[in-house]
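Everything on this sheet refers to the single structure shown next.
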Amino acid sequence: MINRIPEGEDLRMYWHGNWQDFCRGPHLQTTGQVPADAFKLTSIAGAYWLGDASRPMLQRIYGVAFKNRDDLKAHLVMLEEAAKRDHRKLGREMELFHIQEEAPGMVFWHPNGWTIYRALEDYMRGRLRVAGYKEIRTPQVVDRVLWERSGHWEAYRENMFIVEVDEDGAKEKRINALKPMNCPCHVQVYNQGLKSYRDLPLRLAEFGSCHRYESSGSMHGLMRVRGFTQDDAHIFCTEEQIEKECADFISLLASVYKDLGFESFEIKLSTRPDVRIGSDDTWDKLEAALENAIRATGNAYEIDPGEGAFYGPKLDFKLTDAIGRKWQCGTFQVDGNTPTRLGAEYVAADGDKHRPYMLHRAILGSFERFIGILLENYAGRLPFWLAPRQVVVASIVSDADPFVHEVVAALQKVGVRAEADIRNEKINYKVREHSVGKVPVILAIGMKEVEERTVSLRRLGDTQTQSLGFDAVMATLGLEALPPAGA
RNA sequence: GCCGCUGUAGCUCAGCUGGUAGAGCACAUCAUUCGUAAUGAUGGGGUCGGGGGUUCGAAUCCCUUCAGCGGCACCA
């Protein structure tokens with residue numbers, strides 16, 4: 001352990017009775033400094049010696065301690081709050097999705113969950129179109145020879161789902177893999193036809209369905225799955241275009257996060273690692289391009305030295321959710337290696353063929369994970385435009401049913417996801433059930449509303465209701481149902 | 001993958017030392033037409049995660065396997 005500590009740094013040792021600890025510290029002097037009612041043992045778990053999976057595992061007992069009882073209580077309340085907004089729990093309660101034994105790490109999307117997914121996808125599609133991306137679609141199952149060329153077969157095979165096909169009568173077995181990433185396929189699209197420098201930058205986007213064989217212990221609801229869909233895109237461009245593409249990307253990302261309810265995010269710039277390809281001169285230029293791009297957008301950033309990929313520097317984007325947790329979602333990576341391996345080129349102004357750079361980038365990361373983050377951020381109370389069930393129109397008496405249906409039909413016509421609840425139940429019961437179900441707007445209709453052609457509108461979380469005329473409701477809710485257009 | 005724990009009705013859970021399962025909610029039927037977070041009555045529903053073993057007898061004990069949960073490791 002001492003060898004792992006940088007020279008010149010103090011070595012510290014702590015004693016407590018006959019117990020001793022070699023630790024950076026600081027430690028409390030006596031356990032009496034922790035109030036008896038301000039600590040709690042929380043869990044017990046294995047942990048590798050020195051954090052290294054090849055070393056033996058130790059038992060670790062986890063506990064938390066605070067200055068006083070109230071701080072401990074506040075902490076426990078926060079944990080409860082986090083548990084309440086757990087997307088796995090919300091997913092069940094709101095009937096969004098499920099995962100079952102026969103397909104670990106793969107999501108079965110239910111109607112409500114798929115509605116959210118599509119709303120998010122449609123929104124992203126709109127934003128990308130305006131930002132100059134072309135959407136494509138590439139195969140899920142691809143022959144191993146492509147993965148050998150791209151280098152994945154060697155470097156990433158243990159994480160790939162291998163699909164073997166025994167072609168009858170063909171005496172030869174074809175080995176394919178489910179794609180773990182979209183980049184090699186995107187280069188195939190790029191490679192069709194001769195590209196000119198006038199075609200660059202070429203931005204190819206795909207809501208790419210990927211599969212990775214994640215280790216069993218790492219899966220977690222929607223947050224870490226084996227089958228997922230990236231909001232992926234690859235920008236093919238020249239070295240000179242990287243800076244502008246990067247700045248444009250950061251602006252787009254910031255605007256998307258804002259639309260989705262995340263005001264703040266962090267940027268981390270990962271620079272050249274020890275093991276790398278390419279000249280120092282090139283690395284200087286690439287790192288400077290990313291740094292300038294960030295500055296141009298006016299965002300703060302941190303540098304993570306040596307954490308870049310072997311082929312180029314990258315940016316990671318971490319957003320902060322409503323209860324202060326940080327999630328890494330966006331990424332931007334400069335890659336001159338893949339285009340070389342897969343033979344991408346373009347004809348430059350001088351008539352010669354050159355290698356383009358390839359910029360790997362994603363804003364949400366994956367739809368699955370991002371929906372998990374959205375659910376936890378909003379504790380299930382999604383903004384109107386993303387809510388799977390936006391409006392329930394509930395009758396108070398059955399004589400109101402015809403008007404209920406009329407209102408529902410009119411709402412659907414203006415693009416609102418509305419449904420009728422004309423069950424023979426009390427309005428209290430209906431309000432409770434749909435409130436628990438996180439429906440953002442409940443419209444109640446009794447005889448008074450029928451006569452006046454109005455509705456009684458109640459928003460999730462409010463106890464007040466407001467009376468609105470038929471046309472006013474259509475106009476208001478129709479507008480709210482539209483996805484944000486970007487700031 | 002590793003350490004620990006868990007797996008009983010759609011959901012949340014009870015079921016002591018082995019004697020072949022129970023509650024609430026949900027669901028169905030009937031009654032109730034009711035003004036903003038639970039109307040009442042009745043009823044249906046479980047090969048106790050899978051496989052094997054011990055035993056006269058296993059949801060309960062043992063082995064094994066799968067999945068999940070909490071961490072650790074991983075996330076080029």
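So that the names make sense, note that chain A is the first sequence line, chain B the second, and so on, each numbered from 1.
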Requested in this report: With RNA chain B as reference, determine whether A:S456 or A:R212 sits nearer its 5' end, using the nearest nucleotide of each.
Outcome: A:S456
Query raised in the report: Which whole number of Å gives the distance between the C1' atom of B:C61 and that of B:G19?
Result: 15 Å
Query - Same-atom distance (C1') from B:G40 to B:C34, integer angstrom - result: 13 Å
Report task. Using a heavy-atom cut-off of under 4.0 Å over every strand shown, decide if A:A444 touches base, sugar-phosphate, or nothing. Result -> base
Report task. Check whether any side-chain nitrogen or oxygen of A:R92 sits under 4.0 Å from OP1 or OP2 of B:U12, and answer yes or no. Result -> yes
Report task. State the pairing partner of B:C16; accept Watson-Crick or G-U wobble contacts with both distances under 3.5 Å, and report none otherwise. Result -> none
Query raised in the report: Is the count of non-hydrogen atoms from other residues, nucleotides or ligands lying under 6.0 Å from A:R69 atom CZ greater than 12?
Result: no
Requested in this report: Answer yes or no: does atom CD of A:E302 have more than 12 heavy-atom neighbours from other residues, nucleotides or ligands under 6.0 Å?
Outcome: no
**Report entry** C1' atoms of B:U12 and B:A26, separation to the nearest Å
**Finding:** 11 Å
**Report entry** Same-atom distance (C1') from B:U17 to B:G51, integer angstrom
**Finding:** 27 Å
Query raised in the report: Now, which nucleotide makes the Watson-Crick or G-U wobble pair with B:G10, with each of the two distances under 3.5 Å?
Result: B:C25
Report summary line: A:K84 atom NZ is separated from B:C11 atom C1', nearest whole Å, by 18 Å
**Report entry** Watson-Crick or G-U wobble partner of B:G35, both distances under 3.5 Å
**Finding:** none
Report task. Measure centre to centre between the rings of A:H75 and A:F66, then say whether the value is under 6.0 Å. Result -> yes
Query raised in the report: Touch check for A:K430, heavy atoms < 4.0 angstrom, all strands: base, sugar-phosphate only, or nothing?
Result: nothing
Query raised in the report: Which part of the nucleic acid does A:E449 contact within heavy-atom distance under 4.0 Å: base, sugar-phosphate only, or nothing?
Result: base
Query - Nucleotide paired to B:C2 in any strand shown, Watson-Crick or G-U, under 3.5 Å - result: B:G71
Query raised in the report: What is the distance from NZ of A:K89 to C1' of B:C13, rounded to the nearest Å?
Result: 13 Å
Query raised in the report: Should we say atom CD of A:E95 is surrounded by more than 12 heavy atoms from elsewhere, each under 6.0 Å from it?
Result: no
Query - Nearest-angstrom distance, P atom, B:C48 to B:U39 - result: 36 Å
Requested in this report: Measure from CZ on A:F403 to P on B:G35 and round the result to the nearest Å.
Outcome: 19 Å
Query raised in the report: Looking only at atom P, what distance separates B:G49 and B:U60, rounded to whole Å?
Result: 8 Å
Requested in this report: Tell me, yes or no, whether the heavy-atom count around A:Q464 atom CD, taken from other residues, nucleotides or ligands under 6.0 Å, exceeds 12.
Outcome: no
Report summary line: Pairing partner of B:G45, by Watson-Crick or G-U wobble and under 3.5 Å for both distances, is none
Query raised in the report: Is A:Y311 close to A:Q333 at the side-chain level, that is, under 4.5 Å between some pair of heavy atoms?
Result: yes
Query raised in the report: How about A:Y156 and A:Y213: are their ring centres within less than 6.0 Å of each other?
Result: no
Report task. Assign the ring pair A:F262 / A:Y378 to parallel, tilted or perpendicular, where the plane angle (0 to 90°) is split at 30° and 60°. Result -> tilted
Report summary line: Whole-Å distance, A:I445 CD1 to B:U33 P, equals 21 Å
Requested in this report: Take A:Y117 and A:F207, measure what ring-ring contact (aromatic ring centres under 6.0 Å, His included) needs, and give me the verdict at the end.
Outcome: CA-CA 12 Å; A:Y117 187 109; A:F207 299 125; 8.6 Å; no
Query raised in the report: Between the side-chain atoms of A:T465 and the base atoms of B:U36, is any donor-acceptor pair under 3.5 Å?
Result: no
Query raised in the report: Between B:A21 and B:U36, how far is it from one P atom to the other, in whole Å?
Result: 47 Å
Requested in this report: Could you give the distance separating B:G71 and B:G10 at their C1' atoms, to the nearest angstrom?
Outcome: 30 Å
Requested in this report: Could you check how far CZ of A:R423 sits from P of B:A31, rounded to whole Å?
Outcome: 18 Å
Query raised in the report: Between B:G35 atom C1' and A:Q464 atom CD, what is the distance in whole Å?
Result: 15 Å
Query raised in the report: Do the two ring centres, one from A:F97 and one from A:F108, sit under 6.0 Å apart?
Result: no
Query raised in the report: Any cation-pi pair here, A:R203 with A:F236, using under 6.0 Å and within 45°?
Result: no
Query raised in the report: Considering every strand shown, what is the Watson-Crick or G-U wobble mate of B:G57 when both distances are under 3.5 Å?
Result: none
Query raised in the report: Reading nucleotides 64-73 of chain B from the 5' end, what letters show protein touch, with B for base, S for backbone sugar-phosphate only, - for no heavy atom under 4.0 Å?
Result: --BSSSBBBB
Requested in this report: Write down the distance between CG (A:D421) and C1' (B:G35), rounded to a whole number of angstrom.
Outcome: 15 Å
Report task. Give a yes/no verdict on a cation-pi contact between A:R453 and A:F470, requiring under 6.0 Å between NZ or CZ and the six-membered ring centre and an angle within 45° of the axis. Result -> yes
Polar pairs (N or O, both sides) under 3.5 Å between protein and nucleotides 37-40 of chain B?
unit_1, atom_1, unit_2, atom_2, d
B:A37, OP2, A:R458, NH1, 3.1
B:A37, OP2, A:R458, NH2, 3.4
B:A37, O4', A:R432, N, 3.3
B:A37, N7, A:R458, NH2, 3.1
B:A38, N7, A:R432, NE, 3.0
B:A38, N7, A:R432, NH2, 3.4
B:A38, N6, A:R432, NH2, 2.7
B:A38, N1, A:R432, NH1, 3.4

**Report entry** Whole angstrom value for the distance that separates C1' of B:C74 from CD of A:E158
**Finding:** 9 Å
Query raised in the report: Partner of B:G40 by Watson-Crick or G-U wobble geometry, both contacts under 3.5 Å, or none?
Result: B:C30
